[in-house]
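These numbers come from the heavy atoms of this one structure, side chains and all, not from hydrogens, waters or symmetry mates. Note on naming: letters A, B, ... go to the chains in the order of the sequence lines (proteins, then strands), and numbering restarts at 1 for each one.
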There are 2 protein chains.
Amino acid sequence: MRRSERKTTDPDLGVLTSTTLFALQKELFRTLAEQGHPELRPRHGAVLDYLDEDGTRATELAALSGRHKQVIGTLVDELVDLGYVERRPDPTDRRAKLVVPTARGRDQMARSDAIVAAIERRCADRVGEDDYAVFRRVFRAVAATLAATTSEPVASSPARRSASPTRMPSGPRT
Amino acid sequence: MRRSERKTTDPDLGVLTSTTLFALQKELFRTLAEQGHPELRPRHGAVLDYLDEDGTRATELAALSGRHKQVIGTLVDELVDLGYVERRPDPTDRRAKLVVPTARGRDQMARSDAIVAAIERRCADRVGEDDYAVFRRVFRAVAATLAATTSEPVASSPARRSASPTRMPSGPRT
DNA sequence: TCTTGATCGTCAATGATCATGACTAGATGG
DNA sequence: CCATCTAGTCATGATCATTGACGATCAAGA
């Protein structure tokens, strides 16, 4: 059997995570566009995916999303123009600014969470509630296992380096 | 509970796939670098991940990896310079060229597959063989479910739009 | 055979995204 | 008061993706 066939009939963990993340992101943004948020692109997830209702600092968003402060800055600029967030001075630190979602931003956050939840529900219905529960539990363990081995040898970097489902590029038309 | 905490304690499918893919890719390339392939970057996976031992067309690599033909072309250029692949005329079609792995390329392909397999084995040992089997089976079903819904409405695009584990950017130093 | 349309790989130009170092203002601890 | 650290921004270069076009070739039908 050829290698390319093997990768499609019995895909390894890399292919599985990649295809799933890719498809999930595509459906998420397509649905968001239908629900009134067509200007959002995957990169904006670095901010919106980790934003709290009462505001989050840009530096913390950088750490959570694994992006540079610089990138977060330009993303927040765009999201301010689009009306999703606004910058407020942090009362506890005059250097910092809190990135706070507007009503439109909170709407996107709620819809985004709901869309992903609906996708998961669809999968659970298809494979069965019990099996899907096992899937999710093992997945958390797998993610924890991998995160441990990749971040252990690093001591100087305090970045948590998580990732968000809205950060991969979408597919071309080949 | 704040949204950002919820995303870390009970992550949704998007966060799980994203963190796992991210960590998997990081470990894969770190190990590959240790085993004699330090020049490879994630983007090269669009070619090497889907390459067959007897050669594959650039257009097919584009379809399999979800990249543009243009991107595949420049990637193949780089991989030729690095000694991983070479271009040969396709005997059955004088327009096409087969991208064929060299000995060095085949070494990378074998090591890459082995590294991912070892990571999966480590996870299976931790969570138990049975649960991991369920995890993998459900994962294939989830990937198939999502792939179906995202590609169904499209009729004009023959691209298969798969994805590879070596395509995400690595994390910055914040 | 000749024509029409499609495909293969490539070139060129542009846009989008990321990485890096330096800088100002403010905080923190002695 | 002073040295040091942190938060956010600016500026710049590098990397990467997208798009349209092109010559060469193939495939199907008149």
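- Atom CD of B:Glu78 and atom C1' of D:dA14 are 13 Å apart (whole Å).
- Note: B:Asp54 CG to A:Arg3 CZ = 12.0 Å, rounded to the nearest 0.5 Å.
- In this structure, A:Ile72 places its CD1 atom 15 Å from P of D:dC10, rounding to the nearest Å.
- As rounded to whole Å, 15 Å separates atom C1' of D:dG8 from atom CD of A:Glu60.
- For A:His68, the side-chain atoms get nearest to C:dT20 when compared with the rest of D:dC16, D:dT19, C:dT20.
- For the pair A:Arg41 and D:dT18, the criterion of a side-chain N or O lying under 4.0 Å from OP1 or OP2 is not met.
- For the pair B:Thr59 and C:dT7, the criterion of a side-chain N or O lying under 4.0 Å from OP1 or OP2 is not met.
- With C:dT7, C:dT17, D:dT9 as the candidates, the nucleotide lying closest to the side chain of A:Lys69 is D:dT9.
- A salt bridge links A:Asp113 and B:Lys7; the closest N-O separation between the charged side-chain nitrogens and carboxylate oxygens is under 4.0 Å.
- Closest to the B:Asp93 side chain, of the nucleotides D:dT19, D:dC26, D:dC16, is D:dC26.
- Distances shorter than 4.0 Å separate none of the side-chain N or O atoms of A:Arg94 from OP1 or OP2 on C:dA25.
- Taking the six-membered ring for Trp, B:His37 and B:Tyr84 have ring centres closer than 6.0 Å.
- For B:Arg57, no side-chain nitrogen or oxygen approaches OP1 or OP2 of C:dG9 to under 4.0 Å.
- The listed nucleotides are C:dT20, C:dT17, D:dA17; the one nearest the side chain of A:Gln70 is C:dT20.
- OP1 or OP2 of D:dC16 has at least one side-chain nitrogen or oxygen of B:Arg43 nearer than 4.0 Å.
- For the pair A:Lys97 and D:dT9, the criterion of a side-chain N or O lying under 4.0 Å from OP1 or OP2 is met.
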Requested in this report: Walk me through it: do A:Glu60 and A:Tyr50 pass the test side-chain hydrogen bond (donor to acceptor under 3.5 Å, both in side chains)?
Outcome: CA-CA 9 Å; A:Glu60 184 161 5; A:Tyr50 298 100; over 6 Å; no

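- Using modelled atom types, no side-chain atom of B:Ser112 and backbone atom of B:Gln108 make a donor-acceptor pair closer than 3.5 Å.
- In this structure, B:Arg67 atom CZ and C:dC8 atom C1' are separated by 20 Å, rounded to whole Å.
- The residue among A:Thr92 and A:Leu75 whose nearest nucleotide of DNA chain C lies closer to the 5′ end is A:Leu75.
- Residues B:Arg95 and B:Val71 both approach DNA chain D. Their nearest nucleotides, taken by heavy-atom distance, put B:Val71 toward the 5′ side.
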